[in-house]
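For clarity, every value in this text was computed on a predicted model and none was experimentally measured.
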Amino acid sequence: MKLNGLSRQIALSMVKISLGISALTTITSWLFYYIIFSYLPEQYSCESISIWPDFSDWLLIAFTTLMGLVLSIVVAVKLSGRILVPLNSVANGIRSVAHGDLNARAICNDQSLGEAASLVNDFNALVDKLQKTTEEQRFWHAAIAHELRTPVTILRGRLQGLSEGVFAPSEATFSGLLKQIENIGRLIEDLRVVSLAECGHLHFEMRGVALAAEVQSVVNLYKPIFLESGHQIHLDVQADIVYCDPARIRQALVAILENVKVHANPGEICIKLVVENDWCALRIKDAGPGIEPEAIPLIFKAFFKSTTSNSPKSTGLGLAVVDAIMKAHNGLATCESVLGQWTQFELGWPNRPQDDLRA
Ligand SMILES: Nc1ncnc2c1ncn2[C@@H]1O[C@H](COP(=O)(O)OP(=O)(O)O)[C@@H](O)[C@H]1O
Ligand SMILES: [Mg+2]
């Protein structure tokens, strides 16, 4: 049914109701007097009164019917306004959204009926969400294109130079090319993890592991690099059995240590694993330079990087991957920092088997 048809329907129904009530009142009044005059003639008989309506009665009936009609039309117009203003607004909004205008919103006035008003609110909430998702999607496409452009441009330049004989094919040139390919591969893998986690399809296997040994093996890999850059690692881990996906926790720890390698001042790096009250926490604290307080709420967002970050490997996806991994563990990643002093990342998750986590 078209909406302007609906207002006609409401007015027509009100007119029908009004005419029906007038006819019913007239007929029941006539029936009432007919019965009284027929069955109780001695009490109500009056020679001068006829049970058939005369001209003045018809005039009264016509006037009452007319008043009823006017009243019903006024009520119909008011009622249809209260229903149709929000409905029309939602219908226009849907048409605008269908034509790609995500700024369209429906309106309802104070007199709108409860259900119509909540329809407007639900529609507006839906378009808000759609607009946010579309903006995020555009941002993602632009950011992915931007991150891919750098290594691809470098690769193309180098390969062109090689093919035109500008560069001599040497081991150093090929290992440089390989590094760019590795950067692209890492970017694709990070994007895959973050995207899968966003739609709840990140595959992970919770099992009981001696996480201290896993952490130790990652630290052993980084020890020589950190020694060279003037960092000292202080490890404090408990030997408990911890429920987690060890490969994913290693991946998260590697992402954080990569950041420490690139961003942290030389100094002590404390890695602490605490297991208590069904909760597991892995803390990594460095010796600064710290993170600006306004950057901390954004730090786990995909593609966020500080303005000072000029590492060619920087994509702003490392901590988004960490966040995705912790959410898949029903846990959370947090960051605390005192500018100029220290930064601490904490990975926390419930220390329970996967079945218990889903329950
Ligand atoms: N330990 C740290 N100390 C200071 N800044 C950090 C540290 N870890 C992360 N950051 C900041 O957080 C940003 C986001 O990190 P990340 O998501 O891993 O992206 P990327 O390392 O690719 O820039 C970095 O660009 C950096 O500015
Ligand atoms: Mg990083």
Legend entry - Test side-chain contact (heavy atoms from CB on, under 4.5 Å) applied to Ile184 and Ile188, step by step: CA-CA 6 Å; Ile184 297 177; Ile188 292 170; 3.7 Å; yes

Legend entry - Point-to-point distance, once rounded to the nearest 0.5 Å, from CG of Leu227 to CD1 of Ile233: 7.5 Å

Legend entry - Basic-acidic side-chain contact under 4.0 Å: Lys261, Glu258: yes

Inset, instruction - Sort and list the pairs that fulfil side chain to side chain donor-acceptor pair (under 3.5 Å) and have at least one residue in residues 271-289, not counting sequence neighbours. - result: Arg283-Glu346

Inset, instruction - Not counting sequence neighbours, which residues clear side-chain contact (heavy atoms from CB on, under 4.5 Å) with Ala302? List them please. - result: Trp140, Leu317, Ala320

Inset, instruction - Starting from the C-alpha separation in whole Å, work towards a yes-or-no answer on side-chain contact (heavy atoms from CB on, under 4.5 Å) for Ile296 and Glu336. - result: CA-CA 8 Å; Ile296 290 188; Glu336 282 177 69; over 6 Å; no

Inset, instruction - Tell me, please, which residues at least two apart from Arg156 pass salt bridge (Lys or Arg N to Asp or Glu O under 4.0 Å). - result: none

Legend entry - Contacts of type salt bridge (Lys or Arg N to Asp or Glu O under 4.0 Å), residue Arg186, not counting sequence neighbours: none

Inset, instruction - For residues 118-132, pull every pair meeting salt bridge (charged side-chain N to carboxylate O under 4.0 Å, His left out), keeping only residues two or more places apart or in separate chains. - result: Arg105-Asp128, Lys132-Glu136

Inset, instruction - Scan residues 211-233 for pairs that pass salt bridge (charged side-chain N to carboxylate O under 4.0 Å, His left out), counting only residues two or more places apart or in two chains. - result: Glu214-Arg250

Legend entry - Residues Phe345, Val260; criterion side-chain contact (heavy atoms from CB on, under 4.5 Å); working and verdict: CA-CA 10 Å; Phe345 285 93; Val260 172; over 6 Å; no

Legend entry - Under 3.5 Å donor-acceptor, Asn124 side chain and Ala106 backbone: yes

Inset, instruction - Verify, without hydrogens or angle tests, whether His329 (side chain) and Ile325 (backbone) share a donor-acceptor contact under 3.5 angstrom. - result: yes

Inset, instruction - Supply the atom-to-atom distance Thr26 OG1 to Leu60 CG, rounded to the nearest 0.5 angstrom. - result: 8.5 Å

Legend entry - Donor-acceptor pair, side chain of Ser22 and main chain of Ser18, under 3.5 angstrom: yes

Inset, instruction - Please indicate whether Phe32 has more than 12 foreign heavy atoms, meaning atoms of other residues, nucleotides or ligands, lying under 6.0 Å from its CZ. - result: no

